[in-house]
Amino acid sequence: MTHGRPVNKRFGLLELPRVVDSRGNLTYGEVGHHIPFEVKRYFVIYQVPLVEVRGEHAHKQCHQLLICLRGRIHVIGDDGVRREEYILDRPDAGFYMPPMTWGTQYKYSPDAVLLVFASHYYDPDDYIRDYDEFLRLVQVQA
């Protein structure tokens, strides 16, 4: 069994607990322990054409945890200083995105299913959809 949580408030890969059993494997996450925020909403993204790009925005307040339940997805996190790409291809790893992280998802495999936990209810005013505006806001906070 493995246990994990983000070591800081920066974006990055999060290892979730995994229990390997001959009857079938299990992974889980506990809010406040493995998931570093209170979950108020979830959504699932699936049947995304390979050429499509999703995300391409940041949130002012909302935290998110992305878990690929099936298939493979490439994710990019960008905090205005650091930009990194990860591949999500197993349900015991998630990509943590704190507020003010520009996120992009692409190269969805045909069978990919992405589960996203969010700390806030949907609020269109929480979205930053222009990258230049995002960079300006990050500089103001620095």
Side-chain angles (χ1 to χ4, degrees), residues 1-135 137-139 141-142:
M1 183 181 332
T2 61
H3 296 280
R5 67 174 77 168
V7 294
N8 56 42
K9 300 239 184 220
R10 298 186 74 172
F11 70 83
L13 210 54
L14 176 96
E15 295 290 329
L16 296 169
R18 177 179 45 169
V19 179
V20 177
D21 189 300
S22 62
R23 300 168 297 162
N25 300 335
L26 177 144
T27 188
Y28 64 94
E30 297 172 347
V31 173
H33 187 84
H34 307 104
I35 302 172
F37 56 86
E38 181 181 339
V39 176
K40 296 225 175 134
R41 175 172 61 108
Y42 81 88
F43 53 95
V44 177
I45 300 170
Y46 59 99
Q47 294 181 343
V48 176
L50 185 60
V51 299
E52 291 300 321
V53 176
R54 297 204 45 110
E56 296 189 300
H57 64 267
H59 290 277
K60 298 171 191 167
Q61 301 287 323
C62 188
H63 296 253
Q64 292 187 329
L65 179 63
L66 288 65
I67 302 171
C68 186
L69 299 177
R70 183 177 183 187
R72 170 182 282 218
I73 298 165
H74 290 241
V75 297
I76 296 174
D78 179 343
D79 62 10
V81 175
R82 178 175 68 119
R83 182 182 182 100
E84 293 187 16
E85 181 173 351
Y86 301 89
I87 297 173
L88 297 180
D89 61 359
R90 56 192 173 93
D92 63 341
F95 180 68
Y96 171 60
M97 290 180 30
M100 298 306 293
T101 301
W102 189 268
T104 303
Q105 303 90 49
Y106 70 108
K107 289 187 182 176
Y108 281 74
S109 65
D111 62 339
V113 176
L114 179 65
L115 171 64
V116 180
F117 291 112
S119 65
H120 288 67
Y121 299 117
Y122 175 75
D123 177 2
D125 293 332
D126 188 52
Y127 285 72
I128 305 166
R129 297 186 185 277
D130 178 84
Y131 188 71
D132 290 332
E133 178 188 354
F134 165 72
L135 290 177
L137 291 170
V138 168
Q139 293 303 317
Q141 289 184 356

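When reading the values below, keep in mind they use all heavy atoms of this one structure, side chains included, and skip hydrogens, waters and symmetry mates.
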Note to self: Assess the residue pair Phe134 and Met100 against the criterion (side chain to side chain contact (heavy atoms under 4.5 Å, CB included)); give the C-alpha distance rounded to whole Å, side-chain angles, the decisive distance to 0.1 Å, and a yes or no.
What the structure shows: CA-CA 8 Å; Phe134 165 72; Met100 298 306 293; 4.0 Å; yes

Testing the basics here: between [X] and [Y], what is the closest heavy-atom pair and its distance to 0.1 Å?
X      : Y     : value
Pro98  : His63 : CA-ND1, 3.8 Å
Pro36  : Tyr96 : CG-CE1, 3.5 Å
Leu135 : Gly80 : CD2-CA, 3.9 Å
Gln61  : Pro99 : O-CG, 3.1 Å

Checklist line | Pairs meeting criterion salt bridge (charged side-chain N to carboxylate O under 4.0 Å, His left out) with involvement of residues 19-41, two or more places apart | finding: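 Non-adjacent pairs meeting salt bridge (charged side-chain N to carboxylate O under 4.0 Å, His left out): Asp21-Arg23.
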
Check: Under the salt bridge (charged side-chain N to carboxylate O under 4.0 Å, His left out) rule, what pairs show up with a residue in residues 57-78, not counting sequence neighbours?
Finding: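 Counting only pairs at least two positions apart or across chains, the salt bridge (charged side-chain N to carboxylate O under 4.0 Å, His left out) contacts touching residues 57-78 are Arg72-Asp89, Asp78-Arg83.
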
[X] [atom1] to [Y] [atom2] distance, which is reported to the nearest 0.5 Å:
X      : Y      : atom1 : atom2 : value
Ile45  : Leu69  : CD1   : CG    : 11.5 Å
Phe11  : Ile76  : CZ    : CD1   : 10.0 Å
Thr101 : Ile128 : OG1   : CD1   : 10.0 Å
Asn25  : Asp92  : CG    : CG    : 8.5 Å

Next item on the list: Give the ring-plane orientation class for Tyr86 versus Phe95, where under 30° counts as parallel, over 60° as perpendicular and anything between as tilted.
Entry: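 It falls in the tilted class, 30° to 60°.
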
Next item on the list: Look at the aromatic rings of His59 and His57 and report parallel, tilted or perpendicular, splitting at 30° and 60°.
Entry: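 Ring orientation of His59 relative to His57: perpendicular.
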
Does a side-chain heavy-atom distance below 4.5 Å link [X] with [Y]?
X      : Y      : answer
Val138 : Asp79  : no
Leu114 : Tyr108 : yes
Gln64  : Ser119 : no

Next item on the list: Tell me, please, which residues at least two apart from Val39 pass side-chain contact (heavy atoms from CB on, under 4.5 Å).
Entry: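 For Val39, the residues satisfying side-chain contact (heavy atoms from CB on, under 4.5 Å) (neighbours in sequence not counted) are Val31, Ile35, Phe37, Phe117.
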
Is the [atom1] atom of [X] crowded by more than 12 outside heavy atoms at less than 6.0 Å?
X      : atom1 : value
Tyr122 : OH    : yes
Glu85  : CD    : yes
Tyr127 : OH    : yes

Item checked: Member of Val19, Leu16, Ile67 meeting the side chain to side chain contact (heavy atoms under 4.5 Å, CB included) criterion with Thr27 ->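 Only one of Val19, Leu16, Ile67 forms a side chain to side chain contact (heavy atoms under 4.5 Å, CB included) with Thr27, namely Leu16.
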
Next item on the list: Using side chain to side chain contact (heavy atoms under 4.5 Å, CB included) as the criterion, point out the one residue from Leu115, Val75, Leu88 that pairs with Cys68.
Entry: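 Of Leu115, Val75, Leu88, side chain to side chain contact (heavy atoms under 4.5 Å, CB included) with Cys68 is met by Leu88 alone.
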
Checklist line | Presence of salt bridge, Arg82 and Glu84, under 4.0 angstrom | finding: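 Arg82 and Glu84: salt-bridged.
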
